[in-house]
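All remarks here apply to the structure that follows.
Because the structure is a prediction, the values reported are computed rather than measured. Reminder, nothing fancy here: chain letters follow the sequence lines and each chain counts from 1.
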Protein chains: 2
Amino acid sequence: MRELFHPNIDQLCLSTILNALGDPIRLQILKNLASQRETTCSCCNINLPKSALSHHFKVLRESGLINVRIEGKQRFLSIRYGELEKRFPGLLNTVIKNI
Amino acid sequence: MRELFHPNIDQLCLSTILNALGDPIRLQILKNLASQRETTCSCCNINLPKSALSHHFKVLRESGLINVRIEGKQRFLSIRYGELEKRFPGLLNTVIKNI
DNA sequence: GAAATAGTTCAATTATATTTGAACTATTGA
DNA sequence: TCAATAGTTCAAATATAATTGAACTATTTC
């Protein structure tokens, strides 16, 4: 695998994003990311088997919330702040403040 | 039935709220409510059997997003703006703006 | 009191999501 | 090249959610 699918900014759908956010584990992941700019999958400090984590990362990525950059053996996750802010102004910041 | 269950403001949980919002039908209901202050269940202009609508109203109510006031044969729905704003500042307005 | 109205609840079905371990891929380092 | 690392994918199991019609409750109106 060389590249992972990331939806385009104008394909993003509010209910899909809110649905991705409407899960305690994924909110926790987001909170971690918000405080760290970029993380690898294994640095999320969430006590779940890696296949379960991988599932949640995929939901976040496919909803458009996070970007996953492949570098060597690792994947670096980051929030798609700028694009999300353009598409849904204020949304992400407000959610993150309220986690 | 005389009263419906409404969670207290400090029992509200962000992931539960986002989960309730993460559905296109419920977002549509919220959008309608946002433009009308108060509506009855049957005035939602959503083409679903009433049992399905009732289900979605319940999800919204139990998450803390809406208030349901019983008056005669009807139930008047409204968004719990003030309380939600206190508990999760900015959240609801941002979501509604972005629907 | 009977019928109409407005909605809820129930039970069954169907659809989606989550969780898991095992097998897999790709990359790095010895 | 071999082993370790970082993560994905698969398939099966389990759990949760959505959808429906029918039966129900409560209220109003005749």
Exercise answer: donor-acceptor pairs, residues 91-99 of chain B side-chain atoms, under 3.5 Å, sequence neighbours excluded:
residue: B/Thr94; atom: OG1; partner: A/Thr94; partner atom: OG1; Å: 3.4
residue: B/Thr94; atom: OG1; partner: B/Gly90; partner atom: O; Å: 2.5
residue: B/Asn98; atom: ND2; partner: A/Pro89; partner atom: O; Å: 3.3
residue: B/Asn98; atom: ND2; partner: B/Thr94; partner atom: O; Å: 2.8

Restricting both atoms to N or O, compile the protein contacts to nucleotides 21-24 of chain C shorter than 3.5 Å, with distance only.
residue: C/dG21; atom: N7; partner: A/Ser51; partner atom: OG; Å: 3.2
residue: C/dG21; atom: O6; partner: A/Ser51; partner atom: OG; Å: 3.2

Worksheet entry | Flag, side chain of B/Arg26 to backbone of B/Ala20, donor-acceptor distance under 3.5 Å | yes
Worksheet item: Side chains of B/Glu38 and B/Leu77: closer than 4.5 Å at any heavy-atom pair?
Response: no
Discussion item. Measure CD/B/Glu38 against C1'/C/dA6 and give the value in whole Å, please.
Written reply: 15 Å
Worksheet item: Of the residues in residues 12-37 of chain A, which ones touch DNA chain C at a heavy-atom distance under 4.0 Å?
Response: A/Asp23, A/Ile25, A/Arg26
Worksheet item: A/Arg69 has an atom CZ; how far is it from atom P of D/dT8, in whole Å?
Response: 14 Å
Worksheet item: Where each residue is assigned the nucleotide of DNA chain D containing its nearest heavy atom, which of A/Arg61 and A/Gln74 is assigned the position nearer the 5′ end?
Response: A/Gln74
Worksheet entry | Nucleotide nearest A/Cys41 (side chain, heavy atoms from C-beta), chosen from D/dA18, D/dG7, C/dT18 | D/dG7
Fill in: Donor-acceptor contact below 3.5 Å, side chain A/His56 vs main chain A/Ser54
no
Worksheet, complete the sentence: By nearest-heavy-atom nucleotide on DNA chain C, the more 5' of A/Asn47 and B/Thr40 is B/Thr40
Worksheet item: D/dA18 C1' sits how many Å from B/Leu60 CG, rounded?
Response: 14 Å
Discussion item. Using whole Å, what does the distance between atom C1' of nucleotide D/dG7 and atom CD of A/Glu3 come to?
Written reply: 16 Å
Worksheet item: C/dT19 phosphate, OP1 or OP2: any side-chain N/O from A/His56 under 4.0 angstrom?
Response: yes
Worksheet, complete the sentence: Taking every heavy atom of B/Leu12 against every heavy atom of B/Pro7, the minimum-distance pair comes out as CD2-CG, 3.7 Å
Worksheet item: Is a side-chain donor-acceptor pair under 3.5 Å present for B/Asn32 with B/Gln28?
Response: yes
Worksheet item: Can B/Arg80 and B/Glu83 be counted as an ion pair, charged N to O under 4.0 angstrom?
Response: yes
Fill in: Value in whole Å for how far the P atom of C/dT8 lies from CD1 of B/Ile70
8 Å
Worksheet item: When the distance from NZ of B/Lys58 to P of C/dT8 is rounded to whole Å, what number comes out?
Response: 10 Å
Worksheet entry | Hydrophobic cluster membership, B/Leu60 vs B/Leu53, 4.5 Å side-chain cutoff | yes
Discussion item. Given C/dA6, D/dT8, C/dT8, identify the nucleotide with an atom nearest to the side chain of B/Lys73.
Written reply: C/dA6
Fill in: Closest-nucleotide 5' rank along DNA chain D - winner of B/Gly72 and A/Phe76
A/Phe76
Discussion item. Quick one, A/Asn19 and B/Asp23 - any side-chain contact, counting heavy atoms below 4.5 Å?
Written reply: no
Worksheet item: Roughly, in whole Å, what's the span from CG in B/Leu53 to C1' in C/dT5?
Response: 16 Å
Response to the item:
Among the nucleotides D/dT8, D/dT19, C/dT8, whichever has the atom closest to the side chain of B/Ser54 is C/dT8
Worksheet, complete the sentence: Of the candidates D/dA18, D/dA6, C/dT8, the side chain of B/His55 sits closest to D/dA18
Item to complete: Spell out, yes or no, whether A/Ile17 and B/Val59 are grouped together once hydrophobic residues are joined by side-chain heavy atoms under 4.5 Å, including indirect joins.
Response: no
Worksheet item: Roughly how many Å is it from CG in B/Leu48 to C1' in D/dG21, rounded to a whole number?
Response: 14 Å
